[in-house]
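Read through the structure below, which is laid out as structure tokens, and then see the notes.
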Amino acid sequence: MGSNEMVVVPEIKHTKLFINGEFVDAASGKTFETRDPRTGDVLAHIAEADKADVDLAVNAAREAFEHGKWPRMSGYERGRAMHKLADLMEQHTEELAALDGADAGKLLLLGKIIDIPAAVQMLRYYAGAADKIHGDSLRVSGKYQGYTLKEPIGVVGIIIPWNFPSLMFFLKISPALAAGCTVVVKPAEQTPLSALYYAHLAKLAGIPDGVINVVPGFGPTAGAAIASHMDVDSVAFTGSGEVGRLIMEASARSNLKTVSLELGGKSPLIIFDDADVDMAVELSRLAIFFNKGEVCVAGSRVYVQEGIYDEFVKKAVVAAQNWKVGDPFDVATNMGPQVDKEQFERVLRYIEHGKSEGATLLTGGKRAGDKGYYIEPTIFADVKEDMKIAQDEIFGPVMSLMKFKTVDEAIEKANCTKYGLAAGIITKNLDIANKVSRSVRAGTVWVNCYFAFDPEAPFGGYKMSGFGRDQGMMAMDKYMQVKSVITAVPDSPW
Ligand code: TXE
């Protein structure tokens, strides 16, 4: 791996909470450290939100919702403000990518060409949706007429993780804003920097005070305060299953706010005998090692049909060994460090499990270098379905390889985890592709591609990967109430 000699740290301009259009200190005066995973060094001290700050943020969001302009503007005007924010993001792409790069260990180059542009695209998609909110007219029986109104749900709490700080932020806030809601966002404690920068840009874009509030802090304090708040109408969450359960519990114990959960996965990538092996190796490498495996839809279980298994394994090992680990700001790097010490140690623990459970370690399997949180691209073969490394979301650069014989066996094995977020299929046989697409219990299926995301395609989980959908026009429904209005028509001619 490359040396850390040239670690570049971007300038950090925003470190305070953003409440009601102002950057403010935490009520407690407390701060927490956000660290650079390339070195483990402190990047910045960030104001630490707790319950008191969440209360202030929710009050600001409530006031902006009940009495402010945002929900009362035309959809067209809301869309214009959102487009203006998108314009500003485009002007600051370099800086934003650098913030996520240093905060999360993400590749600077990919930040510039994937993360930030995709966040912009998400925002623009929903900016365009803001003036296309329609209800239905209802043919009710008797001397009545009816129609439905879609109304913004109110104050939305948003709790997001650290693997795609920019994309997650806009995945959640964009449909909520388009619907006319106001939001309180808690970014992950590992990666608060870009969210605060977006708050600053939103103000410049003319989005009214109180519409977007950003409260960095920890889960059990700031996050829990949002989930259990009596005046938050809905919570949108992406993160671990354990915390997803806590969010639902908090909703049940407080005001029964609506909840949507995206909780990760253990996605299968199924490669059939007729596949082009080189293409399959390339896709499988991307599917697990992109963003250091810190991807909820990572293709972490790779099923290869027996006819090409041996050739695939040989080539996959070489491909993994050529995947360059190093400073994410170096354009030659393919994979940066894991986000923090905790995740780094968690992934290494899983690798030890794999070894002790009897899987065959083909390559990688340890820390890369001696500084920062880098891990070698790792491949295990002879993985059995009941092993921990085949069942748990490792969230790191660890591929589990399995061999299969028949289509039905592949389907059965693909479906044998508690998760159901995504799946990939590589085959030229249309009948196999169609059968497997319909049989796999997953919210997204990619055929002869992987990570093909688009704001138009609804995204979310089956089974314990959660419920509710981000992306697509469907996502707007999470942030709207439907009201039926029935009017008497006493003189109806029919
Ligand atoms: O997740 P957490 P962590 C999975 C992945 C990863 C594991 C642990 O397997 O290794 O989860 O990651 C906030 N009330 N995913 O510990 O804790 C927290 O502050 C309210 C998959 O980072 O779920 C952060 O903002 N909020 C995933 C967010 O929840 C709480 C992405 C996510 O953190 C809270 C991330 C509480 N009690 C992790 N406790 C995906 N689906 O993409 C924490 N939080």
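Everything quoted here is computed from the prediction, not taken from an experiment. Numbers for residues simply follow the sequence, beginning at 1. Just so you know, ligand 1 is whichever comes first in the structure, and atom 1 is the first atom listed for that ligand.
Ring geometry for F23 versus H200: interplanar angle of 30 to 60°, hence tilted. In this pair, Y373 and F344 present their aromatic rings tilted. The plane angle is within the 30 to 60° band. Taking the six-membered ring where the residue is Trp, F451 and F290 present tilted rings, their angle falling between 30° and 60°. Ring-plane geometry between H353 and Y350 is classed as tilted, the angle between the planes lying from 30 to 60 degrees on a 0 to 90 degree scale.
A salt bridge does not link K403 to D382: none of the charged side-chain nitrogens sits closer than 4.0 Å to a carboxylate oxygen.
Numbered from 1 in the order shown, with element, the atoms of ligand 1 that lie under 4.0 Å from a heavy atom of N163 read 42 (O). Counting atoms of ligand 1 from 1 in the listed order, those under 4.0 Å from a heavy atom of I160 are 24 (C), 25 (O), 28 (C). Each of the following atoms of ligand 1 lies closer than 4.0 Å to a heavy atom of G223: 14 (N), 20 (C), 26 (N). Residue L263 has at least one heavy-atom neighbour below 4.0 Å for each of these atoms of ligand 1: 41 (N). Annotation for ligand 1: atoms under 4.0 Å from non-hydrogen atoms of P161 are 31 (C), 35 (C). Annotation for ligand 1: atoms under 4.0 Å from non-hydrogen atoms of L246 are 37 (N).
Among protein heavy atoms, atom 6 (C) of ligand 1 sits closest to R346 NH1, 3.6 Å. Residue, atom and distance of the protein heavy atom nearest to atom 3 (P) of ligand 1 are W162 NE1, 3.9 Å. Ranking protein heavy atoms by distance to atom 13 (C) of ligand 1, first place goes to I159 CG2, 3.7 Å. When hydrogens are left out, the protein atom nearest atom 18 (C) of ligand 1 is E189 OE1, 3.6 Å; that is the closest non-hydrogen contact. Scanning all protein heavy atoms for the shortest distance to atom 41 (N) of ligand 1 gives G264 N, 3.0 Å. For atom 36 (C) of ligand 1, the closest heavy atom belonging to the protein is G219 O, 3.3 Å. Closest to atom 42 (O) of ligand 1 among all protein heavy atoms lies C296 CB, 3.0 Å. Of all protein heavy atoms, the one lying nearest to atom 23 (O) of ligand 1 is S240 OG, 2.7 Å.
For P192 against F32, the heavy-atom pair with the smallest separation is CG-CZ, 4.2 Å. Residues V54 and A222 approach most closely at CG2-O, 3.7 Å, considering heavy atoms. Shortest non-hydrogen contact noted between Y419 and Q391 is CE1-O, 3.8 Å. The minimum heavy-atom distance between L263 and E393, with the atom names listed, is O-OE1, 4.4 Å. Looking at every heavy atom in both residues, T378 comes nearest to G365 through OG1-N, 2.8 Å.
Residue contacts with ligand 1, taken as heavy atom pairs separated by less than 4.0 Å, involve Q343 solely via side-chain atoms from C-beta onward. Contact annotation for V295 and ligand 1: no heavy atom of the residue comes within less than 4.0 Å of the ligand.
The distance criterion of under 3.5 Å between nitrogen or oxygen atoms is met by E393 with respect to ligand 1. Backbone and side-chain nitrogen or oxygen atoms of E342 are examined, and none is located within less than 3.5 angstrom of a nitrogen or oxygen of ligand 1.
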- Task: Kindly determine whether F170 and Y198 satisfy ring-ring contact (aromatic ring centres under 6.0 Å, His included), including the steps that lead there.
- Result: CA-CA 10 Å; F170 286 98; Y198 292 125; 4.7 Å; yes
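Distances shorter than 4.0 angstrom occur between a heavy atom of F237 and an atom of ligand 1. Contact analysis leaves A227 out of contact with ligand 1, as no non-hydrogen atom separation drops below 4.0 angstrom.
Between T182 and the options I207, V211, L177, a side-chain contact (heavy atoms from CB on, under 4.5 Å) holds for only V211. Checked options E385, K266, M399, K413; the residue passing with R301 is K266 (criterion: side-chain contact (heavy atoms from CB on, under 4.5 Å)).
Distance screen at 4.0 Å: atom 33 (O) of ligand 1 has no protein heavy-atom neighbour inside the cut-off.
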